Amino acid sequence: MEKLQEKEPLKRKLGLFDAAMLVMGSMIGSGIFIVSADIMRNLGSGYWLIVVWLITGVMTVAAAISYGELSAMFPKAGGQYTYLKEIFGKMMGFLYGWGMFTVIQTGTIAAVAVAFGKFTAYLIPALNDAAPIFQSGSYKITWIQILAIFIILLLTYINTKGVESGKILQNIFTGSKIIALIGLIILGFLLVKSNFWTENMGFGWNAFNNIRTDLTGNFTKSGWESISGMTIMGGIAAAMVGSVFSSVAWENVTFISGEIENPKKNIVRSMVIGTSAVMVLYLLVNFVYLNTLNRDSIAFAANDRVAVVASEQIFGDGVGTVVMAVLVMISTFGCVNGLVMAGARVFQTMAKDGMFFKAAIENNKSGVPEKSLWMQGIWAAVLCLSGQYGNLLDMISFVIVLFYMITVFGVIYLRLKKPDLDRPFKTWLYPITPIIYLLIGAAFCILLLIYKQQYTWPGLVIVLLGVPVYFLINRNKA
């Protein structure tokens, strides 16, 4: 035990800047470049597009502030898994960790890596044009999937060489995409020739819906239908599936608490700084979409790639596509690295608690959980080949928000049950901040249960499958 305690300070190689870069890098993937199309199809007005992103921003920052209290109380590796285990018991912690490994973390890694491959295919058309490596019915393995697997395994390998390697890569790619996004925002107002801002905002608080598809499954470009009342509420919930998923993963910084300097202060600072900065960037990027494109161009962008269409309007057809492809490649590469770096620490912590494969416990000579990294990387690679992760990800925003709500409720629960516990950081504006998150989160989940069940039950089923696994693991324990 003494040797382990002596080594602990040496592991803390991440400062506040590194932690904030991890927060921002893990959040900004491919979502911001795509999901505004779905939001516009559901609500049909520039006002409502901005409202959805504002609600998501308030939710995200409120959750980050609330998590700050827990991160200061439990400054250990494992983050959210540790909080849930300490507050609500081992089973709740396990169910979160189970969901993380089966699809939340690994599925996100797979999806973002495939997004990297798809945008690379813009620059290298041969990737798109090549015949599938294997095909049986509708299932196929393409070179884009192979590139995604290569990226996952490459970044896993780099992260096995020590936290320094992952940190340098994270800072370079996160810094690059932040600068590129700021450039896109500025040029989106300076260079655009046709301005659609007034037209898009002219719909005011009227909401419209156009999510009907033709026989081939493509969205129809006509027939906007006016909606009101509870239908708008259902539309907001459906629209928020994408914005919420684009704004998660900020809690990844809590997974790597054991390697952050002064974690009691730096984790909460990094979460608040990182989430606030990203949500401001997201809002400004959406202002660019509303400035450069009309309603139909946003709602029916090819393959939902709104950013590509906007970039073509700013830079011209050929240059715009290349600029956006490079930006998304930088963004997704950095995002995968952040997810790979942080996720493995959760599974290592679970293994120490007897809740995951024992091999995941060990650190290698570079002081990182190499076997845990490879387990995560290999499963994410398998999900790339499955072709099903994209559908699963659409369906787990509900579960992610549910776990966020349980964790945020944990702040209130501990205040009531154990008021005398040491709290180096106390949630700002308590209890207003956690209550705001719980109210918005509850409304989101209830509306999805009423109007969009396809977004709810698959994620719940995946998590609940963890219950028999938990009892199987603990069958011989007292």
Side-chain angles (χ1 to χ4, degrees), residues 1-16 18-19 22-23 26 63-101 104-105 159 163 166-167 249-272 338-339 341-358 360-363 367-373 376 403-404 406-408 410-411 413-414 417-418 421-427:
M1 281 299 289
E2 284 178 33
K3 284 187 178 179
L4 282 174
Q5 287 170 349
E6 282 169 20
K7 286 183 180 178
E8 185 69 19
L10 298 175
K11 289 166 61 182
R12 297 192 183 276
K13 296 178 180 178
L14 303 175
L16 175 59
D18 306 316
L22 179 58
V23 171
S26 298
I65 292 168
S66 302
Y67 272 50
E69 183 165 317
L70 300 176
S71 72
M73 292 172 73
F74 308 109
K76 307 170 189 172
Q80 190 170 353
Y81 160 76
T82 301
Y83 311 156
L84 289 169
K85 185 193 73 174
E86 294 287 344
I87 300 168
F88 300 112
K90 275 191 168 185
M91 185 171 177
M92 183 63 77
F94 174 79
L95 289 178
Y96 173 72
W98 163 264
M100 282 279 296
F101 186 77
I104 294 173
Q105 193 79 359
N159 276 278
V163 74
K167 174 183 93 171
W250 49 267
E251 77 282 2
N252 272 238
V253 74
T254 69
F255 303 161
I256 204 165
S257 305
E259 286 149 281
I260 293 174
E261 296 166 1
N262 194 4
K264 291 185 179 183
K265 290 184 178 178
N266 282 340
I267 292 174
V268 64
R269 287 172 179 167
S270 67
M271 287 193 293
V272 174
L339 295 168
M341 182 196 292
R345 273 67 179 180
V346 177
F347 312 129
Q348 182 186 43
T349 306
M350 289 176 69
K352 289 176 181 175
D353 293 336
M355 297 289 170
F356 198 68
F357 301 108
K358 284 183 182 177
I361 295 173
E362 295 174 39
N363 276 347
V368 295
E370 181 172 353
K371 290 178 181 174
S372 182
L373 278 161
Q376 171 186 259
F403 276 121
Y404 279 163
I406 294 167
T407 311
V408 170
V411 176
Y413 181 82
L414 280 183
K417 288 286 183 181
K418 298 181 179 178
L421 281 177
D422 180 37
R423 290 174 172 81
F425 169 83
K426 291 189 176 181
T427 300

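Predicted, not measured: the structure shown is a model, and the values here were computed from it. Residue indices begin at 1 and follow the sequence shown.
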Interatomic spacing from CZ in R269 to CG in L16 - rounded to 0.5 Å: 6.5 Å
Output all residues satisfying side-chain hydrogen bond (donor to acceptor under 3.5 Å, both in side chains) with Q376, sequence neighbours left out; order by chain, then residue number. none
Roughly how far, to the nearest 0.5 Å, is CZ of R423 from NZ of K264? 13.0 Å
Before you tell me yes or no, could you show the steps for T427 and E69 under side-chain hydrogen bond (donor to acceptor under 3.5 Å, both in side chains), namely the whole-Å CA-CA distance, both residues' side-chain angles and the distance that decides it to 0.1 Å? CA-CA 6 Å; T427 300; E69 183 165 317; 3.0 Å; yes
Is T349 close to K76 at the side-chain level, that is, under 4.5 Å between some pair of heavy atoms? no
So CD1 of I361 and CZ of F347: to nearest 0.5 Å the spacing works out to 15.0 Å
CE-CZ distance between M100 and F255, expressed to the nearest 0.5 angstrom: 3.5 Å
For L70 and L414 the tightest heavy-atom approach is CD2-CD1, 4.0 Å
Heavy-atom distance under 4.5 Å between the side chains of L14 and V163, does that happen here? yes
Only one of F94, F357, F356 passes ring pair (Phe, Tyr, Trp, His ring centres under 6.0 Å) with F101; say which it is. F356
Heavy-atom pair of closest approach, residues P263 and S257: CB-O, 3.9 Å
So which heavy atom on S270 is nearest to which on V23, and how close? O-CG2, 3.7 Å
So which heavy atom on N252 is nearest to which on G343, and how close? OD1-N, 4.3 Å
Who pairs with Y413 by side chain to side chain contact (heavy atoms under 4.5 Å, CB included), at least two apart in sequence or on another chain? I87, F88, F409, K417
Does a side-chain N-to-carboxylate-O contact under 4.0 Å join D353 and K85? yes
Non-hydrogen atoms of A64 and M271 that approach each other most closely: O-CE, 3.7 Å
Could you walk me through whether I406 and M92 satisfy the side-chain contact (heavy atoms from CB on, under 4.5 Å) test, starting with their C-alpha distance in whole Å, then the side-chain angles of each, then the deciding distance to 0.1 Å, before giving a yes or no? CA-CA 10 Å; I406 294 167; M92 183 63 77; 4.2 Å; yes
Identify whether the distance between the nearest side-chain nitrogen and carboxylate oxygen of R345 and E259 falls below 4.0 Å. yes
Carboxylate-amine/guanidinium contact K418 E86, below 4.0 Å: no
When the ring planes of F74 and Y83 are compared, do they come out parallel, tilted or perpendicular, using 30° and 60° as the limits? tilted
Which atom of A344 lies closest to which atom of S372, heavy atoms considered: O-OG, 2.7 Å
Quick one: pull up CD in Q80 and CZ in F403 and give me the separation to the nearest 0.5 Å. 8.0 Å
Between the OG1 atom in T407 and the CG atom in L84, the distance rounded to the nearest 0.5 Å is 4.0 Å
Is a side-chain donor-acceptor pair under 3.5 Å present for E251 with Y67? no
